[in-house]
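Contents: one structure, followed by commentary.
Just so we're on the same page: letters track the sequence lines, and every chain starts at 1.
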2 protein chains.
Amino acid sequence: MDKSKILVVDDESRMRKLVNDFLSRAGYTVLEAGDGMQALEVYASDKSIALIILDVMMPGLNGWDTLESIREMSSVPVIMLTARSEEQDELRGFKLGVDEYITKPFSPRILVARVDAVLRRSASTQSEQHDIGGIVIDKSAHRVTVDGREIDLSFKEFELLVYFVENQGIALSRETILNNVWNYNYFGDSRTIDTHVKKLRSKLGEKGDYIHTVWGMGYKFEAVR
Amino acid sequence: MDKSKILVVDDESRMRKLVNDFLSRAGYTVLEAGDGMQALEVYASDKSIALIILDVMMPGLNGWDTLESIREMSSVPVIMLTARSEEQDELRGFKLGVDEYITKPFSPRILVARVDAVLRRSASTQSEQHDIGGIVIDKSAHRVTVDGREIDLSFKEFELLVYFVENQGIALSRETILNNVWNYNYFGDSRTIDTHVKKLRSKLGEKGDYIHTVWGMGYKFEAVR
DNA sequence: TATTGAGTGAACGTTCTGTGAAAACTATAG
DNA sequence: CTATAGTTTTCACAGAACGTTCACTCAATA
């Protein structure tokens, strides 16, 4: 399968770059537009774009107006970026066929997960499930079973485990983990990861040592002892 | 099974588009007509249409007159779209074989559910019924029994329960629930869901904990403790 | 052995959920 | 049209679950 093309529309270049980074790393091809007009031009000249991520609050053509114009030419999937404080104009969104909302600030993991989900949905209707060495993760049900036994994970623990599993065999620094599982504007102590790892390990029982410590570096998930 | 073809008749293009969107996403093929005359033409030239959704209030031929003409050529299933204020001419509808009414505003869930129901009914004479772990839901009778004992649910409680049951095992955010169970133009507090969940849980008795809280996320229905 | 990093349990502050009651809204009957 | 009962929504508070930090201990490296 080839990489899907995604158009990111935001007036803040910092935000565009950020989203671009995350999506590029997730294997997508990313195009950027700094305002609504530019977005329309870009999309008009390249209808192979699979998904558009639209910031709501922009000078000139705002996200909604831009979307309205886009809808005149296509029903391409759209994700709206909103600030927490901004009211989500759900009615408008619904009518215009918004597929998802992402509230700033968001974690890269969530961004990528939503993008994946929307693209998957637009392709087919399939439920995402991982199964690694006896650990079964059902993302849609937000459920994890170890050797058939369901275990109870908190939100962050779940997010962290999913991140580990989706990056099996790769040594991940605390920095990297923080950047991907936590919000991009998180500035806390990276040792908080240790605490979550501890809890994860204990909740995973004997499968807990699939989470390997890479001394002086970080952690690595691998389904072996 | 191939997609059923549905003809949507409404003078407001926005409304047509909206209904089209919802139904397309649900996997139906949608045709549109902007007035009664056009509807008659479209239907006359394509009798493979499985269902017609008719707005009552239209300039020119109104919904009723249009339906009358349609009935001269076919007994195709029909759903009438009415505004809350408009009186539902039930007698007339009954005589003309109206299958369902949908009152504006409606939620996507209701639209798709009614369409599904009508088409299913028109295919076989089966009444829609769920039976999950002792909870029996008769959708057409709008009745719920728990371990054989009938319980009394309000409209919203019923809708919510049905939505949960039809999405078993999936963690549903409040956002998602609001979008699907409430009207598309609902702007309220998502905590209202908590209140309904509370009442549902208590009315379901010990089966109440089939509704699981997914902390930091939403709720999930699962017929286990 | 000295130094640096990791494991751990407890404590704290934060965020989210459960809940009852009040308010707003609807439908119904008089 | 008004009163009334029932339903839905909002609100505020209490309590639970969670995320984070900290101080300490233990382990790895050189």
Report, one pair per line, the protein and nucleotides 19-22 of chain C atoms (nitrogen or oxygen only) whose separation is under 3.5 Å.
{"from": "C:dG20", "atom 1": "N7", "to": "B:K198", "atom 2": "NZ", "distance (Å)": "2.5"}

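Each of A:L172, A:I132, A:I170 was evaluated against A:F221; a single residue qualifies, A:I132, per the side chain to side chain contact (heavy atoms under 4.5 Å, CB included) test.
On the nucleic acid side, DNA chain D contacts chain A at distances under 4.0 Å to non-hydrogen atoms, with the end points of that region at D:dC18 to D:dA28.
Judged by distance alone, the side chain of B:R201 and the main-chain N or O of B:H196 form no donor-acceptor pair under 3.5 Å. Judged purely by atom type and a 3.5 angstrom limit, B:Y210 uses its side chain to pair as donor or acceptor with the backbone of B:G133. Here the side chain of A:N20 pairs no donor or acceptor atom with the backbone of A:R16 at under 3.5 angstrom. Side-chain atoms of B:N62 come within 3.5 Å of backbone atoms of B:D65 as a donor-acceptor pair (strictly under, hydrogens ignored).
One can place CG of A:D209 at 12 Å from P of C:dG7, the figure rounded to the nearest angstrom. Atom pair B:H212:NE2 and C:dG18:P shows a separation of 13 Å (rounding to whole Å applied). A straight line from CH2 of B:W215 to P of C:dG18 spans 11 Å, rounded to a whole angstrom. A:D189 places its CG atom 13 Å from the C1' atom of C:dG5, with the value rounded to the nearest Å. Distance CD1 (A:I211) to P (C:dT8): 12 Å, rounded to an integer number of Å.
Here B:T213 lies in heavy-atom contact (under 4.0 Å) with sugar-phosphate atoms only. Contact annotation for A:F187: no contact, since no heavy-atom pair falls under 4.0 Å across all strands. Among the atoms of the strands shown, only primed sugar atoms or phosphate atoms (P, OP1, OP2) are found under 4.0 Å from some heavy atom of A:S154. When heavy atoms are screened at a 4.0 angstrom cut-off, A:Y219 is found touching the sugar-phosphate backbone but no base atom.
Each of B:L153 and A:Y186 was matched to the nucleotide of DNA chain D holding its nearest heavy atom; the match closer to the 5' end belongs to B:L153. Residue-to-nucleotide proximity on DNA chain D shows that, of B:D152 and A:S190, the 5′-proximal contact is made by B:D152.
A 6.0 Å sphere centred on NZ of B:K199 holds no more than 12 heavy atoms belonging to other residues, nucleotides or ligands.
Salt-bridge formation is detected for the pair A:K17/A:D21: a Lys NZ or Arg NE/NH1/NH2 atom is positioned less than 4.0 Å from an Asp or Glu carboxylate oxygen. Between A:R14 and A:E12, no side-chain nitrogen of the basic residue sits less than 4.0 Å from a carboxylate oxygen of the acidic one, so the salt-bridge criterion is not met.
Residues B:Y219 and B:N167 bring no donor and acceptor atom of their side chains to less than 3.5 Å of each other.
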